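Structure first, commentary second.
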Amino acid sequence: LALHVGDDPGDVATNRARLVGVLAVDRIAWMDQVHGREVAVVGPDPQVPTADALVTRERGVALAVLVADCTPVLAADPQAGVVGVAHAGRKGLALDVVGAMLDAMRDLGARDITARVGPSICARCYPVPLALREEVAQVAPQARSEARDGSPALDIAAGVVAQLSGHGATVQQLPGCSAEDPALFSYRRDHGTTGRYAGLAWLP
């Protein structure tokens with residue numbers, strides 16, 4: 001589904017068109033993700049903004065977040081008719097991209113937001129230098145963890161769940177580790193050469 005990983009552009013276009021058909025939506029809104037906290041509001045015009053979160057009130061437009069170890073976040077307030085998605089990796093967690101997404105959703109009228117956190121790399125598979133772990137843990141202490149071998153590690157999903165809850169969202173976390181599940185793409189497991197899987201949220 002990704003155009004930036006070396007896959008054949010024709011194959012990507014075919015897969016994206018198939019996904020539109022499966023979801024029965026008018027189109028899918030993609031973004032150029034850069035590990036930041038910028039949020040783009042998706043309107044009727046098809047654009048590909050540089051952002052790490054999307055929000056919309058447009059019906060029939062699916063918002064997409066692409067990941068291959070980072071944490072995909074999908075959010076919705078069905079009563080208000082607002083949805084959002086966010087790409088939360090280590091840098092996005094430290095920048096609180098999910099808080100920026102929730103603020104943007106509330107600017108569009110959302111009040112009772114439910115968020116779903118999709119599969120991402122688990123702490124067992126994400127060792128990092130001690131200094132880096134502590135730097136992130138200053139912002140998101142719930143992310144402080146240990147890898148399978150006992151070395152310092154980050155649990156990005158745990159940090160994201162805590163931030164979402166802290167910002168007043170109701171959170172559901174889906175199980176799974178991208179590095180351990182061969183059905184998912186993993187940047188670390190596959191040494192940087194891999195595809196991307198998508199999380200999507202839309203208003204029918």
Side-chain angles (χ1 to χ4, degrees), residues 1-4 16 19-20 23 25-120 136 138-140 142-143 154 156-174 187 196-204:
L1 292 172
L3 287 167
H4 66 289
R16 289 185 173 191
L19 188 56
V20 168
L23 300 180
V25 295
D26 298 328
R27 64 182 176 91
I28 297 174
W30 306 91
M31 56 182 159
D32 180 15
Q33 300 168 185
V34 292
H35 296 278
R37 74 185 309 269
E38 189 70 25
V39 183
V41 179
V42 174
D45 297 327
Q47 298 178 352
V48 181
T50 298
D52 283 275
L54 300 173
V55 298
T56 194
R57 294 182 58 87
E58 294 288 324
R59 294 196 170 272
V61 178
L63 308 181
V65 52
L66 293 171
V67 292
D69 281 338
C70 292
T71 304
V73 180
L74 317 177
D77 180 343
Q79 293 297 323
V82 181
V83 293
V85 299
H87 164 246
R90 171 180 57 82
K91 292 181 181 179
L93 173 66
L95 293 170
D96 192 17
V97 64
V98 297
M101 175 196 68
L102 294 175
D103 286 345
M105 291 179 66
R106 291 181 173 119
D107 288 344
L108 293 179
R111 292 295 176 265
D112 185 12
I113 300 174
T114 296
R116 290 186 178 168
V117 176
S120 60
V136 175
Q138 287 182 6
V139 179
Q142 296 82 358
L154 285 169
I156 300 299
V160 168
V161 167
Q163 285 183 336
L164 288 165
S165 297
H167 287 293
T170 301
V171 188
Q172 298 175 341
Q173 183 176 1
L174 303 179
Y187 188 88
R196 299 292 187 271
Y197 59 96
L200 300 115
W202 69 97
L203 297 163

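The structure displayed is predicted, hence computed values, not measured ones.
Using a distance-only test at 3.5 Å, with no hydrogens or angles considered, no donor-acceptor pair links the side chain of Arg196 to the main chain of Ala2. Side-chain atoms of Arg57 come within 3.5 Å of backbone N or O of Ala80 as a donor-acceptor pair. Looking only at distances, a side-chain donor or acceptor of Arg16 sits under 3.5 Å from a matching main-chain atom of Leu1. Listed for the Arg37 side chain is a donor-acceptor partner under 3.5 Å among the backbone atoms of Leu95. Judged by distance alone, with hydrogens and angles left aside, the side-chain atoms of Gln163 form a donor-acceptor pair with the main-chain N or O of Leu93 at under 3.5 Å. Between the side chain of Asp77 and the main chain of Val82, no donor-acceptor pair closer than 3.5 Å is present.
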Worked verdict on Val73 versus Val85 for side chain to side chain contact (heavy atoms under 4.5 Å, CB included): CA-CA 5 Å; Val73 180; Val85 299; over 6 Å; no
Side chain to side chain contact (heavy atoms under 4.5 Å, CB included) evaluation trace for Asp112 with Gln79: CA-CA 8 Å; Asp112 185 12; Gln79 293 297 323; over 6 Å; no
Residues Asp103, His167; criterion side chain to side chain donor-acceptor pair (under 3.5 Å); working and verdict: CA-CA 9 Å; Asp103 286 345; His167 287 293; 5.2 Å; no
Residue pair Asp96, Val139: steps toward the side chain to side chain contact (heavy atoms under 4.5 Å, CB included) verdict: CA-CA 9 Å; Asp96 192 17; Val139 179; 5.8 Å; no
Leu200 and Val65: CA distance, side-chain angles, deciding distance, side chain to side chain contact (heavy atoms under 4.5 Å, CB included) verdict: CA-CA 7 Å; Leu200 300 115; Val65 52; over 6 Å; no
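Across Gly60 and Val25, no two heavy atoms sit closer than the pair O-CB, 3.4 Å. Contact between Gly159 and Ala140 at its shortest, heavy atoms only, is CA-CB, 4.4 Å.
Enclosure of atom OH in Tyr187 is not indicated, since only 12 or fewer non-hydrogen atoms of other residues, nucleotides or ligands lie within 6.0 angstrom. Counting heavy atoms of neighbouring residues, nucleotides and ligands inside a 6.0 Å radius, atom CD of Gln173 exceeds 12 of them.
Within the 4.5 Å cutoff, side-chain heavy atoms of Val83 are placed close to those of Thr56. With contacts defined as side-chain heavy-atom distances shorter than 4.5 Å, the pair Val97/His87 does not qualify. Counting heavy atoms from C-beta outward, Tyr197 and Val67 have side chains that approach closer than 4.5 Å. The shortest side-chain heavy-atom distance between Asp52 and Glu38 does not fall under the 4.5 Å cut-off. The closest side-chain heavy-atom distance from Cys70 to His35 is below 4.5 Å.
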Taking only distance into account, with no hydrogens and no angle test, what donor-acceptor pairs under 3.5 Å do side-chain atoms of residues 113-120 form with protein atoms, sequence neighbours excluded?
from   : atom 1 : to     : atom 2 : distance (Å)
Arg116 : NE     : Gln172 : OE1    : 2.9
Ser120 : OG     : Thr71  : OG1    : 3.1

For a quick test of your reading: what N or O donor-acceptor pairs under 3.5 Å do the side chains of residues 26-34 make, sequence neighbours left out?
from  : atom 1 : to    : atom 2 : distance (Å)
Arg27 : NH2    : Gly43 : O      : 2.6
Arg27 : NH2    : Pro44 : O      : 3.4
Gln33 : OE1    : Leu66 : N      : 2.9
Gln33 : NE2    : Leu66 : O      : 2.8

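Taken to the nearest 0.5 Å, the NZ atom of Lys91 stands 12.0 Å off from the CD1 atom of Ile156.
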